[in-house]
Amino acid sequence: RMLKSAHGAIGSVEHIQKTLLEMAKTIQAEDLQTCKDIGDKGLEALPATPEKLTLLTHCNAGGLATAGYGTALGVVRSAWREGRLARLFADETRPRLQGAKLTTWECVQEGIPVTLIADNMAAHCMKQGMIHAVVVGADRIAANGDAANKIGTYSLAIIAKAHNVPFYVAAPLSTIDFELTDGSKIPIEERDPIEMYQVGTTRICPVGVEFYNPAFDVTPAELISGIITEYGTVAPAQLKQFKSKQLV
């Protein structure tokens with residue numbers, strides 16, 4: 001859209017710059033509204049409980065990752081706004097600690113009760129009945145509903161399935177790649193091994209160890225209770241009904 005806007009702008013450099021800035025602000029405003037819609041649609045999909053909800057999320061899918069409000073954290077914000085949220089549990093999200101550094105920060109700024117847990121504590125929390133639902137974001141979703149997200153999401157989905165805890169993926173319709181039949185076609189980025197062996201300036205394991213550092217994993221559609229978009233929440237198998245909306 002930015003390139004099309006630039007190519008269509010005729011005039012001085014200043015005019016082209018102004019045109020691009022206006023388009024960028026338009027995209028920003030659209031994204032913010034999309035996130036708010038995702039938050040509200042997700043709120044409708046959350047389990048109905050007599051008590052306020054406790055939700056669990058992984059990595060950061062909030063205002064820092066979007067134009068504002070967030071996708072998964074947008075659902076949290078909407079639940080908090082409507083008085084339906086008791087607390088958010090945030091995975092620390094090793095190795096980059098986005099949950100610990102970013103998600104908890106956003107919650108603290110808005111007064112949303114948040115509890116940080118290590119990634120390997122999720123199963124225990126679910127077994128203790130502490131989690132009503134899991135809500136995560138996505139970086140890419142295949143046509144069949146397989147969803148790529150921050151590493152650790154797949155294992156969290158398996159744990160949720162084992163404990164009968166609903167597992168939701170919140171993402172704008174633009175995240176769905178209808179050209180990909182399934183998640184096996186999604187390339188997985190591998191990042192610098194320093195993320196694994198060093199925290200800040202402190203090395204946490206001995207020299208000579210080898211490392212594997214995939215940044216994402218793919219959660220199979222059968223583990224996902226619903227995919228929350230700005231148009232509503234559907235089962236992964238029903239995503240194709242939104243394809244025509246994405247092309248508009």
Side-chain angles (χ1 to χ4, degrees), residues 1-44 57 59-78 80-81 93 96 98-99 101-103 105-110 112 135-143 145-150 168-181 183 185-192 215-216 218 227-234 239-248:
R1 288 175 66 182
M2 293 293 287
L3 282 171
K4 185 177 180 179
S5 181
H7 291 158
I10 300 175
S12 65
V13 171
E14 290 75 15
H15 172 70
I16 296 173
Q17 289 175 332
K18 181 180 179 182
T19 301
L20 287 172
L21 181 58
E22 289 174 351
M23 177 55 71
K25 288 181 177 179
T26 297
I27 294 171
Q28 179 188 32
E30 289 174 359
D31 186 74
L32 179 58
Q33 185 58 54
T34 292
C35 286
K36 290 180 177 179
D37 290 341
I38 289 172
D40 291 347
K41 296 297 184 182
L43 178 59
E44 296 172 2
T57 194
C59 197
N60 178 262
L64 293 171
T66 64
Y69 208 73
T71 54
L73 206 53
V75 178
V76 172
R77 283 188 164 96
S78 291
W80 178 247
R81 183 195 69 213
T93 321
R96 291 290 293 156
Q98 297 97 325
K101 295 177 179 178
L102 306 179
T103 299
W105 182 85
E106 288 197 44
C107 290
V108 168
Q109 300 310 301
E110 296 189 28
I112 298 174
V135 185
V136 300
D139 291 84
R140 198 172 185 183
I141 301 174
D146 292 349
N149 193 49
K150 191 60 59 190
Y168 298 100
V169 173
L173 198 59
S174 58
T175 303
I176 303 167
D177 188 344
F178 287 106
E179 299 302 313
L180 291 184
T181 56
K185 309 296 192 301
I186 299 175
I188 302 299
E189 173 193 358
E190 288 190 40
R191 291 188 174 172
D192 193 327
F216 307 95
V218 177
I227 295 178
I228 304 166
T229 76
E230 63 269 40
Y231 293 100
T233 303
V234 297
L239 275 179
K240 290 182 179 180
Q241 67 180 273
F242 289 148
K243 186 172 182 179
S244 60
K245 294 181 181 296
Q246 191 184 65
L247 297 176
V248 172

For Val135 and Ala170 the tightest heavy-atom approach is CG1-CB, 4.2 Å
With a 4.5 Å cut-off on side-chain heavy atoms, are Lys41 and Tyr231 touching? no
Rounding to 0.5 Å, atoms OG (Ser78) and CG (Leu73) come to a distance of 10.0 Å
Given the rule in the side-chain contact (heavy atoms from CB on, under 4.5 Å) test, do Leu64 and Glu106 qualify, once you have shown the distances and angles that lead to the verdict? CA-CA 8 Å; Leu64 293 171; Glu106 288 197 44; 3.4 Å; yes
Positive for side chain to side chain contact (heavy atoms under 4.5 Å, CB included) with Cys59, one of Val136, Thr93, Asp139, Thr103: Thr93
What distance do Leu21 atom CG and Thr26 atom OG1 have between them, rounded to the nearest 0.5 Å? 9.5 Å
Of all the heavy-atom pairs spanning Cys35 and Gly68, show the shortest one and how long it is. CB-O, 3.5 Å
In Å, rounded to the nearest 0.5 Å, how long is the span from OG1 of Thr71 to CG of Asp37? 13.0 Å
Do we see a donor-acceptor contact under 3.5 Å between the side chains of Tyr69 and Thr34? no
Quick one: are Glu22 and Lys25 in side-chain contact, heavy atoms under 4.5 Å? no
Would you check if the side chain of Ser5 reaches a backbone N or O of Arg1 as a donor-acceptor pair within less than 3.5 Å? no
Taking the side chain as everything from C-beta on, heavy atoms only, tell me whether Lys245 gets closer than 4.5 Å to Thr229. no
Backbone of Pro172 reached by a side-chain donor or acceptor of Thr175 within 3.5 Å: yes
Look at Lys185 together with Glu179 and state whether they make a salt bridge at an N to O cut-off of under 4.0 Å. no
Rounded to the nearest 0.5 Å, what's the gap from CZ on Arg81 to CD on Glu110? Could you check? 11.5 Å
Spacing of Arg140 atom CZ and Asp146 atom CG [to the nearest 0.5 Å]: 12.0 Å
Within-4.5 Å side-chain heavy-atom neighbours: Ile227 and Leu239: yes
On a heavy-atom basis, the closest approach of Ala147 and Ile141 is CB-CG1, 4.1 Å
Closest non-hydrogen atoms of Ala142 and Ile176, given as atom of the first, atom of the second and distance, are O-CG2, 4.3 Å
Taking all non-hydrogen atoms of both residues, which atom of Ala138 and which atom of Val169 are closest, and how far apart? CB-CG1, 3.6 Å
Taking atom CZ of Arg96 as the centre, does the number of heavy atoms from other residues, nucleotides or ligands within less than 6.0 Å exceed 12? no
Would you sort out whether Thr57 and Val76 count as a side-chain contact (heavy atoms from CB on, under 4.5 Å), showing the intermediate values? CA-CA 9 Å; Thr57 194; Val76 172; 5.5 Å; no
Which heavy atom of Ala61 sits nearest to which heavy atom of Gly137, and what is that distance? CB-CA, 4.0 Å
Could you walk me through whether Phe216 and Ile186 pass the side-chain contact (heavy atoms from CB on, under 4.5 Å) check? CA-CA 10 Å; Phe216 307 95; Ile186 299 175; over 6 Å; no
Rounded to the nearest 0.5 Å, the CD1 atom of Ile228 sits from the CG atom of Leu43 at a distance of 9.5 Å
